[in-house]
Amino acid sequence: MKKSVVALTSLALLFGFCAPVVAQPSSRAVETFIVDDFDNKGEKNAYQVMAGAEQWTWNIQTSRFINKDGGFPKMDYFPGQPNSLKALNRDKESEPKVLGVKTSYARKGENWFEVYPEVGGKAYEIPFVGTCTQIDFWVWGANYLYYIDLLIRDADGRVHTLPAGNLAFNGWRNLIVTVPGSIRQHSRLRSGPESMTFVGFRVRTDPDEYVDDFNIFFDQLKYTTNTLSNIFDGYELKDVDFGDSSSSSASNGDAK
């Protein structure tokens with residue numbers, strides 16, 4: 001009896017190893033999208049085309065003690081890029097650029113400014129594609145003890161502040177921010193928001209840090225995402241057009 005059990009077990013293992021491997025459907029497709037490399041001011045970039053987003057520009061708003069007499073805040077595009085990106089941009093025809101901001105405040109304290117996208121003079125929120133796991137960007141620090149956060153809006157309409165660290169370093173640094181899984185990125189309702197959105201950058205001064213002469217530069221805002229996370233069988237029917245509701249009701253009545 002024992003020999004029969006051993007023989008059957010051996011046959012089962014043999015057929016198990018020899019059985020053909022069948023590919024299982026995957027619900028993961030991890031990709032990285034560059035939201036803005038700040039190179040194409042006034043031109044629609046590849047992400048805007050792919051995500052069906054508006055062609056945005058960048059603007060800035062600040063707390064009340066900004067030194068307006070000196071024309072602050074100041075924002076413009078400048079030639080430059082981090083050394084780590086030079087190998088990736090060497091075949092580009094246009095000169096790489098970065099977005100620069102200069103601020104000066106009348107006094108120390110809890111000062112802040114926000115850099116945000118806008119369309120037609122109004123604030124605009126950039127849509128994410130898929131389910132985002134991390135956001136990263138390059139930032140040039142001037143070794144001031146300031147703090148930088150990312151602002152994102154979830155699919156329920158709430159704005160979340162994601163700390164990205166401090167700016168107490170010199171030169172370029174790639175800052176990476178993990179998106180918490182607790183943030184709802186897709187509405188459970190068909191009529192809800194389609195995705196989480198990027199609201200902007202926020203920079204806060206340390207209350208004891210100098211505030212009279214601060215520069216910061218941004219480059220290559222991007223994120224990593226699972227593009228298939230919200231795709232399901234029949235996804236294309238989610239936004240089907242039923243036409244006018246009254247005519248649809250009439251049609252249903254005629255069919256009875």
Using a strict cut-off of less than 4.0 Å between a Lys/Arg side-chain nitrogen and an Asp/Glu carboxylate oxygen, indicate whether K102 and D213 qualify as a salt bridge.
yes
Intermediate values then yes/no, side-chain contact (heavy atoms from CB on, under 4.5 Å), Y144 and T205:
CA-CA 8 Å; Y144 280 50; T205 69; over 6 Å; no
Under 6.0 Å from the OH atom of Y210, do we count more than 12 heavy atoms belonging to anything else shown?
no
In Å and rounded to the nearest 0.5 Å, what is the CD to CD1 distance from E114 to I60?
9.5 Å
Is D208 salt-bridged to K108, cutoff N-O under 4.0 Å?
no
At what distance, to the nearest 0.5 angstrom, does CG of D206 lie from CG of N166?
9.5 Å
Residue pair A155 / S187: nearest heavy atoms and the distance that separates them
CB-N, 3.5 Å
How long is the straight-line distance from CG of N45 back to CE of M50, given to the nearest 0.5 Å?
9.5 Å
F33 with L175, same ILVMFWY side-chain cluster at under 4.5 Å:
yes
Do V177 and I148 belong to the same hydrophobic cluster, where Ile, Leu, Val, Met, Phe, Trp and Tyr are linked whenever their side-chain heavy atoms lie under 4.5 Å apart, directly or via other members?
yes
Would you sort out whether F137 and F201 count as a ring-ring contact (aromatic ring centres under 6.0 Å, His included), showing the intermediate values?
CA-CA 11 Å; F137 59 100; F201 301 95; 5.1 Å; yes
Please test D39 against K97 for side-chain contact (heavy atoms from CB on, under 4.5 Å), starting from the C-alpha separation and ending with a verdict.
CA-CA 5 Å; D39 291 344; K97 293 184 177 63; 4.0 Å; yes
Scanning both residues in full, the closest heavy-atom pair of L145 with A168 reads CD1-CB, 4.3 Å
Which atom names give the shortest non-hydrogen contact between D156 and D154, and what distance separates them?
N-OD1, 2.8 Å
Test item: Y105 side-chain N/O and W112 main-chain N/O as donor-acceptor pair under 3.5 Å
yes
Work out which heavy atom in V98 is nearest to a heavy atom in G80; give both atom names and the distance.
CG1-O, 3.3 Å
Under 3.5 Å side-chain donor-acceptor pair for D36 and W58
yes
Taking W140 as the fixed residue, which of N170, N215, L167 is the one that meets the side-chain contact (heavy atoms from CB on, under 4.5 Å) rule?
N215
Once rounded to the nearest 0.5 Å, what's the spacing between atom CH2 of W138 and atom CG of L85?
5.5 Å
Ring-plane angle category for W56 and Y124, please: parallel below 30°, perpendicular beyond 60°, tilted otherwise.
parallel
Could you measure the distance from the CG atom of N111 to the CG atom of N67? Nearest 0.5 Å is fine.
11.0 Å
Might you work through the side-chain contact (heavy atoms from CB on, under 4.5 Å) test for I135 and I152, ending with a clear yes or no?
CA-CA 11 Å; I135 307 169; I152 60 173; 4.2 Å; yes
Report the C-alpha separation of L162 and I183 in whole Å, then their side-chain angles, then the decisive distance to 0.1 Å, and conclude whether the side-chain contact (heavy atoms from CB on, under 4.5 Å) test is met.
CA-CA 11 Å; L162 303 182; I183 294 179; 4.1 Å; yes
Considering all heavy atoms of both residues, which atom of P117 and which atom of G200 are nearest to each other, and what is their separation?
CD-CA, 4.5 Å
Shortest non-hydrogen pair, N59 vs E118, comes out as ND2-OE1, 3.1 Å
From Q185 CD over to N226 CG, what is the distance, rounded to the nearest 0.5 angstrom?
10.0 Å
Would you say that more than 12 heavy atoms from the other residues, nucleotides or ligands in this model lie under 6.0 Å from the NZ of K68, or not?
no
Should the pair Y146 and F214 be assigned to parallel (<30°), tilted (30 to 60°) or perpendicular (>60°) ring geometry?
tilted
Indicate the ring-plane relationship of F38 and Y77, choosing parallel, tilted or perpendicular according to the 30° and 60° boundaries.
tilted
